[in-house]
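This structure is a prediction, so every number in the text was calculated from the model and none was measured. Just so it is clear, the values below take in all heavy atoms, side chains as well, and ignore hydrogens, waters and symmetry mates.
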Amino acid sequence: MARSGDVRHSIINYPEVAILGLGKIKDAPAVKNGTLEIRKLIYLSLSFDHRVVDGAEAARFLNAVNRRLEDPNLLLLEG
């Protein structure tokens with residue numbers, strides 16, 4: 001895993017086609033509903049082989065992971 005600042009870049013090793021890298025959870029200022037709050041933030045990094053995985057599909061996957069991290073109750077609604 002390569003590191004640059006707070007973001008880590010995962011390196012794909014054969015025969016992998018994708019890897020999700022997770023950063024450290026830390027408190028940071030963030031805007032929510034127009035107000036500044038201290039919130040828990042984590043950096044996500046998705047690396048994938050573009051020959052196997054379509055970029056739009058990978059973005060949808062990362063957005064789905066993000067939604068579930070922001071609202072874990074969504075995991076209970078899936079069945």
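Residue Tyr14 is found outside any hydrophobic cluster, as its side-chain heavy atoms come under 4.5 Å of no other Ile, Leu, Val, Met, Phe, Trp or Tyr. Other cluster members for Leu41: none, since no ILVMFWY side-chain heavy atom sits under 4.5 Å from it.
Taking CG of Leu69 as the start and CD1 of Ile25 as the end, the distance is 8.0 Å to the nearest 0.5 Å. Here the OG atom belonging to Ser10 is positioned 8.0 Å from the CG atom belonging to Leu22, to the nearest 0.5 angstrom.
Partners of Arg51 under the side-chain hydrogen bond (donor to acceptor under 3.5 Å, both in side chains) rule, at least two apart in sequence or in another chain, are Asp49. For Lys32, there are no side-chain hydrogen bond (donor to acceptor under 3.5 Å, both in side chains) partners, not counting sequence neighbours. For Glu57, the side-chain hydrogen bond (donor to acceptor under 3.5 Å, both in side chains) partners are Arg60, not counting sequence neighbours. Shown here are the side-chain contact (heavy atoms from CB on, under 4.5 Å) partners of Pro29, two or more places apart in sequence or in another chain: Leu36, Ile38. For the side-chain contact (heavy atoms from CB on, under 4.5 Å) test, residues two or more places apart in sequence or in another chain that qualify with Asn63 are Arg67. Taking the side-chain hydrogen bond (donor to acceptor under 3.5 Å, both in side chains) definition, one finds that Asn13 meets it with nothing, sequence neighbours left out. Applying the side-chain contact (heavy atoms from CB on, under 4.5 Å) test to Ile12 and every residue at least two apart in sequence or in another chain returns Glu16, Ile19, Ser47.
When hydrophobic clusters are built by joining Ile, Leu, Val, Met, Phe, Trp and Tyr residues whose side-chain heavy atoms come closer than 4.5 Å, directly or via intermediates, Leu20 is grouped together with Val52.
For residues 50-69, every residue pair satisfying the ring pair (Phe, Tyr, Trp, His ring centres under 6.0 Å) rule, not counting sequence neighbours, is listed here: Phe48-His50. Pairs of residues two or more places apart, or lying in two chains, that qualify as salt bridge (charged side-chain N to carboxylate O under 4.0 Å, His left out) and include a residue from residues 36-46 are Asp27-Lys40.
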